[in-house]
Amino acid sequence: MGYERDAIARMNGYEPGKQPQSREIIKLNTNENPFTPCQGVMAALHQIEADSLRRYPSPMADAFREIAAKVHHITPDNIVAVNGGDELLRLMLTTFVDPGKPIGIIDPSYSLYPVLAEIHGSPVVRVEANPNWSIPSNLARTMNQASVQVTFVVNPHAPSGCLASVDTIAALASELSGVLLVDEAYVDFVDPEMHHDLTMLVNRFDNLILLRTLSKGYSLAGLRFGYGLGAQSLIQPIRTKTADSYPTDAVAQTLAYAALEHRNEAAKTWQLVREERTTLCQALCDLGFSVPTSQSNFLLCGVGADATRAKSIQETLEKRGFFVRYFDHPRLCDKLRISLGTPEQNQRLLKELREIVKG
Ligand SMILES: *Cc1c(COP(=O)(O)O)cnc(C)c1O
């Protein structure tokens, strides 16, 4: 028997995708950007001065919030910087959910949400995603009936990559009586032709927060930097009350600033990922797999009705040095989530998959 709270003793904790140290492995299991961070970010890293490490950083990452405000055409007061997007997810509960009161999610989605709820002592109200992975029409009604204070919606959806439109999100925000957190971890990979931009909703709804992260789009998962966008009345209590006193460190703030300053460079990788998405999706379909259209940097690949097949393909791939993600979940156990790699990595994966399919 330990000293931890009962709720903590009972829970399992989040199970992250494997992070193998070997560089030989082709790692397509945790949706990292396969391309390196841009030159501008690396130059900023090399220019970091000793004095910026000696002093405490800007408590609220002021310079970063300034540039982020310019990028998104809002004010710094609409922005909170956090130590990775996951921290903002936790702060959503700390700030807006009374202990013991429920949160709402779409099932399946990001598996961290229920873990955070467990830590907080919150039950989880789940609404199952539509068969085509779109947002169920009864979502707001269900959440309102259960007095849910925060509903988490990942858009583009993970693990399917399905994108809900601006109108759908706006309707949801206006219908929900609690706060809507739209987790935009993958939004950078959305096809520009969709003209998808939720930031203009921030000033229209006082119950909407958008989560952004530099982990995926900007190839900076190792940096741990994310931010939230929302109405001042939502952002203010997070920034001034519930966030850590110095949530983001001096190095992270400097590099995050550089990442946004040079975002045209990152945008080139987004385009490369989109091209690979089209190519790999077609190739997987040609192999007989079913793959929904993705607006993200991963594909959800349905491998067939036999529930053991997905797991067995994942294990075979792993033995051959290719990591992809398998989820033990009723809607996902016949599927594999494959992060898009470099063109060369994707071709090598396809070659393996062709051999496996041929048996
Ligand atoms: C990656 C990811 C995040 C945030 O990741 P951080 O690395 O903590 O910024 C949030 N939500 C989803 C769905 C993600 O995939």
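Quick caveat, the model's predicted, so the values are computed rather than measured. All ligand and atom numbering here is 1-based and tracks the order in the structure.
Considering only non-hydrogen protein atoms, atom 8 (O) of ligand 1 sits nearest to Arg224 NH2, 2.7 Å. Protein heavy atom nearest atom 14 (C) of ligand 1, with residue, atom name and distance: Lys216 NZ, 3.0 Å. Among all protein heavy atoms, the one lying closest to atom 15 (O) of ligand 1 is Tyr186 OH, 2.5 Å. For atom 4 (C) of ligand 1, the nearest non-hydrogen atom of the protein is Asp86 OD1, 3.5 Å.
At a cut-off of 3.5 Å, with distance as the only test, no side-chain donor of Asp86 or Tyr14 sits close to an acceptor on the other residue. For the residue pair Thr242 and Thr95, a side-chain donor N or O sits within less than 3.5 Å of a side-chain acceptor on the partner. Using modelled atom types, one finds no donor on one side chain facing an acceptor on the other under 3.5 Å when comparing Arg348 with Gln345. Using modelled atom types, one finds a donor on one side chain and an acceptor on the other under 3.5 Å when comparing Ser134 with Asn132. A side-chain donor from one of Thr199 and Asp197 sits under 3.5 Å from a side-chain acceptor of the other.
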Open item on the list: Is there a ring pair (Phe, Tyr, Trp, His ring centres under 6.0 Å) between Phe225 and Tyr218? Walk through the geometry before answering.
Closed with: CA-CA 10 Å; Phe225 201 99; Tyr218 292 85; over 10 Å; no
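A cation-pi arrangement is present between Arg331 and Trp133 under the rule of less than 6.0 angstrom and at most 45 degrees off the ring axis.
Within ligand 1, the atoms closer than 4.0 Å to a non-hydrogen atom of Ala185 are 2 (C), 3 (C), 10 (C), 11 (N), 12 (C), 14 (C), numbered from 1 in the order shown. Near Gly84, meaning under 4.0 Å from any of its heavy atoms, are these atoms of ligand 1: 8 (O), 9 (O). Each of the atoms 6 (P), 7 (O), 9 (O) of ligand 1 lies under 4.0 Å from some heavy atom of Ser215. Which parts of ligand 1 touch Thr213 is read off a 4.0 Å heavy-atom cut-off, strictly below it: atoms 6 (P), 9 (O). If you number the atoms of ligand 1 from 1 as listed, the ones under 4.0 Å from a heavy atom of Val154 come out as 13 (C).
Only the side chain of Asp183 comes within 4.0 Å of ligand 1, judged by heavy-atom distances.
Checked by distance only, ligand 1 and Tyr113 stay at 3.5 Å or farther apart across all their nitrogen or oxygen atoms. Taking any N or O of Leu89, backbone or side chain, none lies under 3.5 Å from an N or O belonging to ligand 1. On a distance-only criterion, Tyr110 and ligand 1 share no N/O pair closer than 3.5 Å.
The OH atom of Tyr110 sits 6.5 Å away from the CG atom of Leu89 when rounded to the nearest 0.5 Å.
Remark: of the listed residues Thr213, Asn31, Asn297, Asn31 is the sole one forming a side chain to side chain donor-acceptor pair (under 3.5 Å) with Tyr186.
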